[in-house]
Amino acid sequence: MELFLMALFLCNWITGTQQLGLTQTSGSLTKEKSETVKLECKPGPKESMDNAVFWFRQRKDTKTPESILYLSSVSKQKLSDDNAFKHFKANKGAFTFTLDIFPFQEKDEGTYYCMININSVLSISPGLQLFYPAVTTPAPTTTKPPTTTTKMADPDKKDPCGCNGSKSDPVTNDWGIQCEMYILASLGGLCSLLLLALLTTSILLCKRGRPRRCRCKHVPETEKNGKPKPAPRYV
């Protein structure tokens, strides 16, 4: 049966003999309340209603349609499965064929088709999808914790070189360079003082190590008899 339906659908799609219109005329697809969903299969305006009709459904998770029921030309209904399709009922009006589904359940979701023998040619309607609307769950809302602001001290009093990183002023982007120059100048001055002290210490140590020259007054040598030797005369 499934292979026959697949071949029939394929032949109608290739030959383009779909002359039926299938619409949903009443009922809303909501899970909160059960309503009667009515489908209407309408042949062409010049077609006779003295024909039989077949109703099919293709579930979302299947690849082949399944037969629901058959309604003869004298409006005699024959269900394919008395237990599964007991809430389906087909009728024939003056210009349309109808299918009532009450109550419409989640297991009834799928794509529905009707098929009629028109002029000895089986014509299949386009598929009509009957699915519950997708339920979208709202995204969880997240609340941000309150931000606490800490009062900062005046950077000009405790940071003379302007190295305080918490001060975000676009004009003072070169404070890092000023801070480095300030530190380098301080280190240079300290090195100069150390060098001067080292030089002074070296000079003092050099003076202490030099032999001292005696500056005492010269005493003339005495003679053997104890009398002083007269000083030489200079001409």
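Nothing fancy with the numbering, it's 1 onward along the sequence.
Under the 4.5 Å side-chain heavy-atom criterion for Ile, Leu, Val, Met, Phe, Trp and Tyr, F131 and L128 are members of distinct hydrophobic clusters. Hydrophobic clustering (ILVMFWY, side-chain heavy atoms < 4.5 Å, transitive): F102 and L71 are in distinct clusters. When the side chains of ILVMFWY residues are joined at heavy-atom separations under 4.5 Å, either directly or via intervening members, Y112 and L29 end up in a single hydrophobic cluster.
Smallest separation of non-hydrogen atoms from S80 and L69: OG-N, 4.0 Å. Closest approach of Y113 and G127 over heavy atoms only: CE2-CA, 3.3 Å. When every heavy atom of F88 is checked against every heavy atom of Q77, the shortest pair comes out as O-NE2, 3.5 Å.
T200 contributes a side-chain N or O that, together with a main-chain N or O of L196, makes up a donor-acceptor pair within less than 3.5 Å. Under a 3.5 Å cut-off, the side chain of Q24 and the backbone N or O of V37 do not form any donor-acceptor pair. A donor-acceptor pair under 3.5 Å is absent between the side-chain atoms of T25 and the main chain of E40, judged by distance alone. For S125 (side chain) and C114 (main-chain N/O), a donor-acceptor pair under 3.5 Å exists by modelled atom type.
The environment of F95 atom CZ is sparse: at most 12 non-hydrogen atoms of other residues, nucleotides or ligands sit within 6.0 angstrom.
Taking NZ of K78 as the start and OG of S67 as the end, the distance is 11.0 Å to the nearest 0.5 Å. Rounding to the nearest 0.5 Å places CG of N91 at 9.0 Å from CG of L99. Rounded to the nearest 0.5 Å, atoms NZ (K89) and CD1 (I101) are 14.0 Å apart. From L199, atom CG reaches atom CG of L194 across 12.5 Å, with rounding to the nearest 0.5 Å. N117 CG to N51 CG: the interatomic distance, rounded to the nearest 0.5 Å, is 6.0 Å. Note that CD of E109 is 6.0 Å distant from CZ of F104, once rounded to the nearest 0.5 Å.
Looking at V53 and K92, their side chains never come closer than 4.5 Å, going by heavy atoms from C-beta outward. Residues L22 and C41 form a side-chain contact, since some pair of their non-hydrogen atoms from C-beta on lies under 4.5 Å apart. In this structure the side chain of R57 never reaches within 4.5 angstrom of the side chain of L130, judged on heavy atoms.
Aromatic ring centroids of F54 and F97 lie 6.0 Å or more apart.
In summary, R59 and E66 engage in a salt bridge, as defined by a charged side-chain N under 4.0 Å from a carboxylate O.
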